[in-house]
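Remarks on the structure that follows.
FYI, the numbering just counts along the sequence from 1. Not measured: the values here are computed from a predicted model.
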Amino acid sequence: MDNYLLIPFLPLIAFIINILFGRRYIKGSAHWVSTLAVLGSSVISVMTLLDVIGGRKINEDLYTWIISDRFSVSVGFLIDQLTAVMLIVVTSVSALVHIYSIGYMHGDRGYYRFFSYLSLFTFSMLMLVMANNFLQLYFGWEAVGLCSYLLIGFWYEKKTASDAGKKAFIVNRVGDFGFSLGVIMIFLTFGTLHYAAVFDNAEGIVGQTVNLLGLEVDLITLIALLLFLGAIGKSAQIPLHVWLPDAMEGPTPVSALIHAATMVTAGVFMVARANPIFNLSEVAMNVVAVTGAITALFAATIGLVQNDIKRVIAYSTVSQLGYMFLACGVGAYAAGIFHLYTHAYFKALLFLCAGSVIHAIHEQDIQKMGGLRRYMPVTYLTFLTASLSISGIPGLAGFFSKDEILWMAYASGPVGKFLWVIGTATALLTAFYSFRLIFLTFHGKSRGAHGQQHHLHESPPVITIPLLILMVGAIGAGWVGIPHLLGGGAQFTEFMRPVLGHPEAHGTHKEEWIVMGLSVLGGITGIGLAAWMYLKKTDIPLRLAEQLRWPYRVLYNKYYIDELYDYIVVKPTIWIAKNILVGFTDGKIIEGIVNGVPGSIGWLSERLRKIQTGFLHHYATIMAAGMLLIMALVLLW
């Protein structure tokens, strides 16, 4: 058995051990089983990456999973450049989240259950990224959705947490329905679900159409858009983004894992993996790019005014995922995956730093914080580094990947230039809300109940050590993709080229310098504005909120999208359920049959019983009447 097979199965074994024996036998030591398993997977993932760099590629089936008539699919694994990078991201971030959770979840009565779910989550994502066919991808796709439900609603006795878990699960059903139709269409079109066979024959269906509701629709475009609908749900893009901010109700390590390495990156990975399909449809590519750009700007504007420390970072995730789809939509899949890779480290760091703050002061409202820099120096340093990275400051990981996306958008044509403008504006907003978070949390005077500062202290090493390791990633992860313009070899792009390709940039070096300069200027401007408003002129935010009350309320209430969905989807659904499904269908028809049949039998029996009186003359009279009736019928007939 090749070592790579252990990568997904070690976390699976840890899940089985903890879920079966954790409550009774393992209890407070459950973390050892899960953490050692995912550390083992991480080590083997590094070995696998080195093998891929050395030229090895694996595409083999482990065993036949389903066979029915001409439908045949196996459990199989594809290890190439894209898989290798995703394995590093998933296992390294997951390992650090496991270690961090030992301190963060200490004393929780569901301790063993939490680590069981983390291991299952890791296994599910690994099966997704290692799959060599669409059905196994779909298995991992649904499994990470299940794990998100279990982990977001982990504290199920808390109503907001259980509601958030249900919301994530239900909203994803919308996208997953489209994704499942896309998988079905692939089988009906190609007769197989294995990547190699589908991608090799994709060009053969260009120009073919299908009849959809009386309209002739381009087949390859239909397949691509159905697949992308799944990505919209899983990676929280407009209009199915509403579940992700509410997912903050889960424990903070869950937020880090979902947002950085697992569930939300699945959609970006899937689009990149299916690039031979998407490349054949200009319509689908434009839809992906425009959806990503609009989502990036949309989420960034909401993040400007949120006060929950984790929700600000959550909207940041939605925005950064938009960047990744923008890159994929202009054909720069390698740039999108590069940003996915760097984003994993600085976003995991942001969430775990937020968790360190929450662990120390038991508060999530940044308006009730302030002055924590002196008491939590390690958390402050790592939080600051992650914020600089996401703001695109040169030298840090986020700069290299974000700059690559903006340049590829600009150089892709007229539509791309418009998307570049949106992306650059988003970069400014990103820096602003990131440092608004820093200044309100760590600078100034305390504004909350933790004013009695004597009890404040830095988080324990089991929490701070993962932060310091992730800080290294937030700084150096981008150094593998230094562009040619800055004297690098763009190694990441070249490494990914055999799987993802890379479009030619239609622009000059001068234009690339300008694009890069404007991106950096946007980041610095955002930081400067945040410093001016939250360190120097601290009355300005309140005055702006008063003077621009209506725009402020719209942003604070997230454009009222949740309220809109509640009005047009939730309430009508509940009304139909109560009045038609329960009130009429169940209450009248089903209950009528279930209770009506025995009721009718009882009614008839009650009346038949009265015939049996026990008096001889009654029986004689009935018999005589019966004889007369029979004689009358015979004579009249």
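The line from CE of Met516 to CG of Leu486 is 4.0 Å long, rounded to the nearest 0.5 Å. Here Thr265 contributes atom OG1 and Ile258 contributes atom CD1; the two are 11.0 Å apart, rounded to the nearest 0.5 Å. Considering CG of Leu349 and CD1 of Ile313, their distance stands at 9.5 Å, rounded to 0.5 Å. Here CE of Met376 is found 6.5 Å from CZ of Phe442. Values are rounded to the nearest 0.5 Å. From His98, atom NE2 reaches atom OG1 of Thr91 across 11.5 Å, with rounding to the nearest 0.5 Å. To the nearest 0.5 Å, atoms OG (Ser391) and CZ (Phe432) are separated by 11.5 Å.
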### Message
As a quick check of understanding, evaluate side chain to side chain contact (heavy atoms under 4.5 Å, CB included) for Leu128 and Phe269, giving each step before the final call.
### Response
CA-CA 9 Å; Leu128 187 156; Phe269 165 80; 3.6 Å; yes

### Working for side-chain hydrogen bond (donor to acceptor under 3.5 Å, both in side chains), residues Ser316 and Lys347
CA-CA 9 Å; Ser316 166; Lys347 185 50 57 69; 3.1 Å; yes

### Query
Is there a ring-ring contact (aromatic ring centres under 6.0 Å, His included) between Phe228 and Phe179 once you walk through the steps?
CA-CA 7 Å; Phe228 183 57; Phe179 185 66; over 10 Å; no

### Task
Starting from the C-alpha separation in whole Å, work towards a yes-or-no answer on side chain to side chain contact (heavy atoms under 4.5 Å, CB included) for Asp365 and Met369.
CA-CA 7 Å; Asp365 188 345; Met369 298 183 187; 5.9 Å; no

### Query
Where do Tyr100 and Ile469 land on the side chain to side chain contact (heavy atoms under 4.5 Å, CB included) test, with the steps shown first?
CA-CA 11 Å; Tyr100 177 96; Ile469 295 173; over 6 Å; no

### side-chain hydrogen bond (donor to acceptor under 3.5 Å, both in side chains) evaluation trace for Thr426 with Tyr323
CA-CA 9 Å; Thr426 302; Tyr323 267 113; 4.7 Å; no

### Task
Dump the intermediate steps for side chain to side chain contact (heavy atoms under 4.5 Å, CB included) on Phe338 and Ile405, then the final yes or no.
CA-CA 9 Å; Phe338 186 27; Ile405 291 173; over 6 Å; no

### Task
Output, in order, the C-alpha distance, side-chain angles, deciding distance and verdict of side-chain hydrogen bond (donor to acceptor under 3.5 Å, both in side chains) for His339 and Gln320.
CA-CA 8 Å; His339 197 54; Gln320 296 302 305; 2.7 Å; yes

### Message
I'd like to know whether Ser459 forms a side-chain hydrogen bond (donor to acceptor under 3.5 Å, both in side chains) with Thr464, so could you lay out the CA-CA distance, the side-chain angles of the two residues, the decisive distance to 0.1 Å, and finally the verdict.
### Response
CA-CA 6 Å; Ser459 297; Thr464 56; over 6 Å; no

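Leu229 has its side chain out of reach of Asp176: every pair of non-hydrogen atoms, C-beta onward, lies at least 4.5 Å apart. The closest side-chain heavy-atom distance from Lys368 to Ile361 is not below 4.5 Å. Residues Leu529 and Phe435 have side chains not in contact (no heavy-atom distance under 4.5 Å, counting atoms from C-beta outward). Residues Phe278 and Leu227 are in side-chain contact: their nearest non-hydrogen atoms beyond the backbone lie under 4.5 Å apart. Between Tyr433 and Val312, the closest side-chain pair of non-hydrogen atoms falls below 4.5 Å. Residues Val144 and Phe121 are in side-chain contact: their nearest non-hydrogen atoms beyond the backbone lie under 4.5 Å apart. Counting heavy atoms from C-beta outward, Trp420 and Leu518 have side chains that approach closer than 4.5 Å. Using a 4.5 Å heavy-atom threshold, the side chains of Ile514 and Lys510 count as touching.
The minimum heavy-atom distance linking Asp246 with Ile152 is given by the pair O-CG2, 4.5 Å. Between Leu151 and Pro251, the shortest heavy-atom contact is O-CD, 3.5 Å. Listed here is the closest heavy atom pair of Gly250 and Ser255: O-OG, 4.2 Å. Across every non-hydrogen atom of Pro466 and Ile99, the tightest pair is CG-CG2, 3.9 Å. In terms of heavy atoms, Lys310 sits closest to Ala354 at CG-CB, 4.4 Å. Between Tyr534 and Thr538, the shortest heavy-atom distance links the atoms O-CG2, 3.5 Å.
Judged by distance alone, with hydrogens and angles left aside, the side-chain atoms of Ser434 form no donor-acceptor pair with the main-chain N or O of Ala431 at under 3.5 Å. A donor-acceptor distance shorter than 3.5 angstrom exists from the side chain of Asn557 to the backbone of Arg553, with no hydrogens or angles considered. No side-chain donor-acceptor contact under 3.5 Å links Ser446 to the backbone of Gly371. Between the side chain of Lys234 and the main chain of Met263, no donor-acceptor pair closer than 3.5 Å is present. A distance-only check finds no donor-acceptor pair linking the side chain of Ser519 to the backbone of Val515 [under 3.5 Å]. Looking at Ser356, its side chain never comes within 3.5 Å of a backbone N or O of Leu352 through a donor-acceptor pair. A donor-acceptor distance shorter than 3.5 angstrom exists from the side chain of Ser235 to the backbone of Gly267, with no hydrogens or angles considered. Of the possible donor and acceptor atoms, one in the side chain of Trp479 sits under 3.5 Å from a partner among the backbone N and O of Gly395. Judged by distance alone, the side chain of Thr382 and the main-chain N or O of Met471 form no donor-acceptor pair under 3.5 Å. In this structure a side-chain-to-backbone donor-acceptor pair under 3.5 Å is present from Glu458 to Thr379.
Checked against the 6.0 Å centroid threshold, Tyr149 and Phe169 count as a close aromatic pair. Proximity of the aromatic rings of Tyr333 and His502 is defined here by a centroid distance below 6.0 angstrom, and this criterion is not met. Centroid-to-centroid, the aromatic rings of Tyr380 and Tyr375 stay 6.0 Å apart or farther. For Tyr341 and Phe492, the distance between ring centers is under 6.0 angstrom.
A donor-acceptor contact closer than 3.5 angstrom links the side chains of Tyr559 and Thr301. Side-chain contact of Gln306 with Tyr556: a donor-acceptor pair under 3.5 Å is absent, judged by distance alone. Side-chain N/O atoms of Ser389 and Tyr345 include no donor and acceptor closer than 3.5 Å. No side-chain donor from either of Gln237 and Thr291 sits under 3.5 Å from a side-chain acceptor of the other.
More than 12 heavy atoms of other residues, nucleotides or ligands lie within 6.0 Å of OH in Tyr565, so this atom counts as buried by the packing criterion. Under a cut-off of 6.0 angstrom, the local environment of CD in Glu282 is sparse, with at most 12 non-hydrogen atoms contributed by other residues, nucleotides or ligands.
With salt bridges taken as basic N to acidic carboxylate O contacts below 4.0 Å, one links Lys558 and Asp562.
Using cut-offs of 30° and 60° on the angle between ring planes, the pair Phe439 and His443 is perpendicular.
Figure legend: cation-pi geometry between Arg173 and Phe177 absent, as NZ or CZ is not positioned both under 6.0 Å from the six-membered ring centre and within 45° of its axis.
If you run side-chain hydrogen bond (donor to acceptor under 3.5 Å, both in side chains) between Tyr410 and each of Lys417, Glu511, Glu512, only Glu511 comes through.
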